[in-house]
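A quick write-up on the structure given underneath.
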Amino acid sequence: MLEKNNKKLINAWASFDWANSVYNLIVTTAIFPIYYLTTTQDVYGGEMVRFFNFTIKNSVLYSFAISFSFLVIVFISPILSGIADFGGLKKRFMQFFTYLGSLSCIGLYFFTGENVEYGIACSVLASIGYAGSLVFYNGFLPEITSNEFMDKVSAKGFSMGYIGSVILLIVNLLLYQKYELFGFENGSSATRFGFILVGIWWMGFSQISFHYLKDRGERKKITWDILGNGTKELKKVFKVVKSKFAMNRFLSSFFLFSMGVQTVLLLAPLFADKEIGLGADEMIIVVLIIQVIAIAGAYFFAFLSNLKGNGFAISTTLIIWIFICIAGYFLKDKISFYTLAAFLGFVMGGIQSISRSTYSKLIPSDTKDTASFFSFYDITEKLAIVIGSLSYGLIDQVTGSMRNSMLFMSIFFVSGFVLLQIANLKKNME
């Protein structure tokens, strides 16, 4: 059994955020979406691309691909988490998905615009690797710390992720801007090399967590019996989730506001490119602003949660998110977008870290099925991303404007806020 509140162990756990967040920032948010849009537009002479035998708008294809990757995780993570809890395989599955994601990032080096099917396949596999590894990583949180330090430890993980990803993003920015100094032919080849760096960073720094984190109980071989017992573990956890009022209502609220949070974060680069006219260099500066301010946001809302409760802290972030969506609809100039990005970074750091720690506190302290419990958290989040990004893409396709999609996201935040008040976390977490 892992020793709770051990400083070295907590740092080792948080280092996984340091390792994998470079994917989430560089590949998902900052560089790959812009690289993908630019290269496909250059090859096809416009926004419409050929994907197998279909013609589709490049931004819509990307949002659908992200939705598909999360849908895969929705189907496989519950079964795998049940197996992991019963068979003592949480770390082994965490390693598998990490290697899948990091190698897929390295594979993006060979995507040059015309091979759209290959590029989408690599981005989908990288997304599956990232999302899949988080289920098991988050499952270790209630095993390494007690409730009183949960908010702070969760914030520490996200903060390390923000810092690590900023460092590698700056390296990628230097490679892109000064490509000739590093021996590259052009900015495109330097950008592609950056995808290799992401994969190596992700895989390399993950070894720290893999070295220190240990599974509870004896590791068992995967057999048909374990598959059956894994399903039983999942059913047992589902009964608990269904019966606990606060957990049930929190997950419902989390589902709704995650549709807005994750969709805005995933597709913000496309919005900045098409609606505001930000170039690749400017977008990277915006992302740097978001990441740095997110560090302060994570710790601020951990402090606010400790002072006023988890429900109050999350509710505060949701009010700011509603403002962001409405303001985004009216944005015209770059300066205003930079300002809004600062607000986005602040609440991004807060809502992500506090949501994770809040759910961890709601998990029964004596359970060993932490991965199974977090699979429900993960399913909730991934289904939210699937529906949110599909909604975003469809509204963009039908109306021809991402501004309408941004405004529509505010509905998810308002609904999540209402359900969170019904959950009454302050009363039910005492």
Side-chain angles (χ1 to χ4, degrees), residues 22-52 54-70 101-131 165 168-169 172-173 175-177 179 184 186-199 202 262-287 385 389-390 392-394 396-397 402 405:
V22 295
Y23 159 79
N24 199 32
L25 176 63
I26 296 171
V27 176
T28 304
T29 306
I31 294 180
F32 181 73
I34 297 172
Y35 171 80
Y36 162 79
L37 288 177
T38 303
T39 53
T40 52
Q41 284 174 359
D42 289 344
V43 169
Y44 288 91
E47 294 181 336
M48 306 306 292
V49 299
R50 292 288 295 174
F51 184 69
F52 291 103
F54 297 95
T55 300
I56 187 171
K57 192 176 178 182
N58 54 7
S59 59
V60 173
L61 173 61
Y62 183 72
S63 65
F64 286 175
I66 294 297
S67 297
F68 173 76
S69 68
F70 291 131
S102 57
L103 290 172
S104 298
C105 280
I106 293 171
L108 285 173
Y109 174 80
F110 302 101
F111 173 59
T112 55
E114 68 276 359
N115 48 343
V116 175
E117 294 84 1
Y118 171 79
I120 290 295
C122 281
S123 62
V124 166
L125 289 174
S127 180
I128 290 172
Y130 173 75
S165 54
L168 193 59
L169 181 60
N172 277 264
L173 180 59
L175 284 175
Y176 176 78
Q177 291 184 329
Y179 61 85
F184 295 104
N186 49 49
S188 178
S189 58
T191 299
R192 288 163 49 220
F193 181 74
F195 301 144
I196 294 179
L197 292 181
V198 170
W202 185 359
Q262 299 299 332
T263 304
V264 170
L265 293 180
L266 285 169
L267 300 176
L270 302 183
F271 180 89
D273 176 69
K274 294 199 169 189
E275 299 294 339
I276 308 298
L278 260 64
D281 292 356
E282 293 172 308
M283 189 61 219
I284 290 174
I285 292 171
V286 169
V287 170
I385 296 172
S389 55
L390 280 173
Y392 201 101
L394 286 171
D396 178 21
Q397 179 87 333
M402 283 189 171
S405 300

Expected list for residues 103-113: side-chain donor-acceptor pairs under 3.5 angstrom, two or more places apart:
residue: Ser104; atom: OG; partner: Leu100; partner atom: O; Å: 2.7
residue: Thr112; atom: OG1; partner: Glu114; partner atom: OE1; Å: 3.1
residue: Thr112; atom: OG1; partner: Glu114; partner atom: OE2; Å: 2.6

Side-chain heavy atoms of [X] within contact of [Y], under 4.5 Å:
| X | Y | result |
| --- | --- | --- |
| Thr55 | Val49 | no |
| Phe184 | Arg192 | no |
| Tyr44 | Asn58 | no |
| Leu169 | Ile31 | yes |

Fill in the blank from the handout: The ring-ring contact (aromatic ring centres under 6.0 Å, His included) partners of Tyr179 (sequence neighbours excluded) come to none
Completion exercise
For Tyr23, the ring-ring contact (aromatic ring centres under 6.0 Å, His included) test, sequence neighbours excluded, returns Tyr130, Trp202
Problem - Flag if over 12 foreign heavy atoms under 6.0 Å of CZ, Phe68 - result: no
Problem - salt bridge (charged side-chain N to carboxylate O under 4.0 Å, His left out) contacts touching residues 26-38 (sequence neighbours left out) - result: none
So which atom in [X] and which in [Y] form the shortest heavy-atom distance, rounded to 0.1 Å?
| X | Y | result |
| --- | --- | --- |
| Leu37 | Thr40 | O-OG1, 3.1 Å |
| Thr191 | Tyr176 | OG1-CD1, 3.2 Å |
| Ala65 | Ile120 | CB-CG2, 3.8 Å |
| Phe70 | Ala131 | CE2-CB, 3.8 Å |
| Lys57 | Met48 | N-CE, 3.5 Å |

Completion exercise
OH of Tyr62 to CD1 of Ile56, rounded to nearest 0.5 Å, is 14.0 Å
Test of understanding: with side chain to side chain donor-acceptor pair (under 3.5 Å), list the residues that count as partners of [X], not counting sequence neighbours.
| X | value |
| --- | --- |
| Ser123 | none |
| Ser69 | Ser127 |
| Gln41 | none |
| Ser189 | Asn186 |

Practice task
Apply side chain to side chain contact (heavy atoms under 4.5 Å, CB included) to Leu175 and Leu197, showing your working.
Solution key: CA-CA 11 Å; Leu175 284 175; Leu197 292 181; 3.6 Å; yes
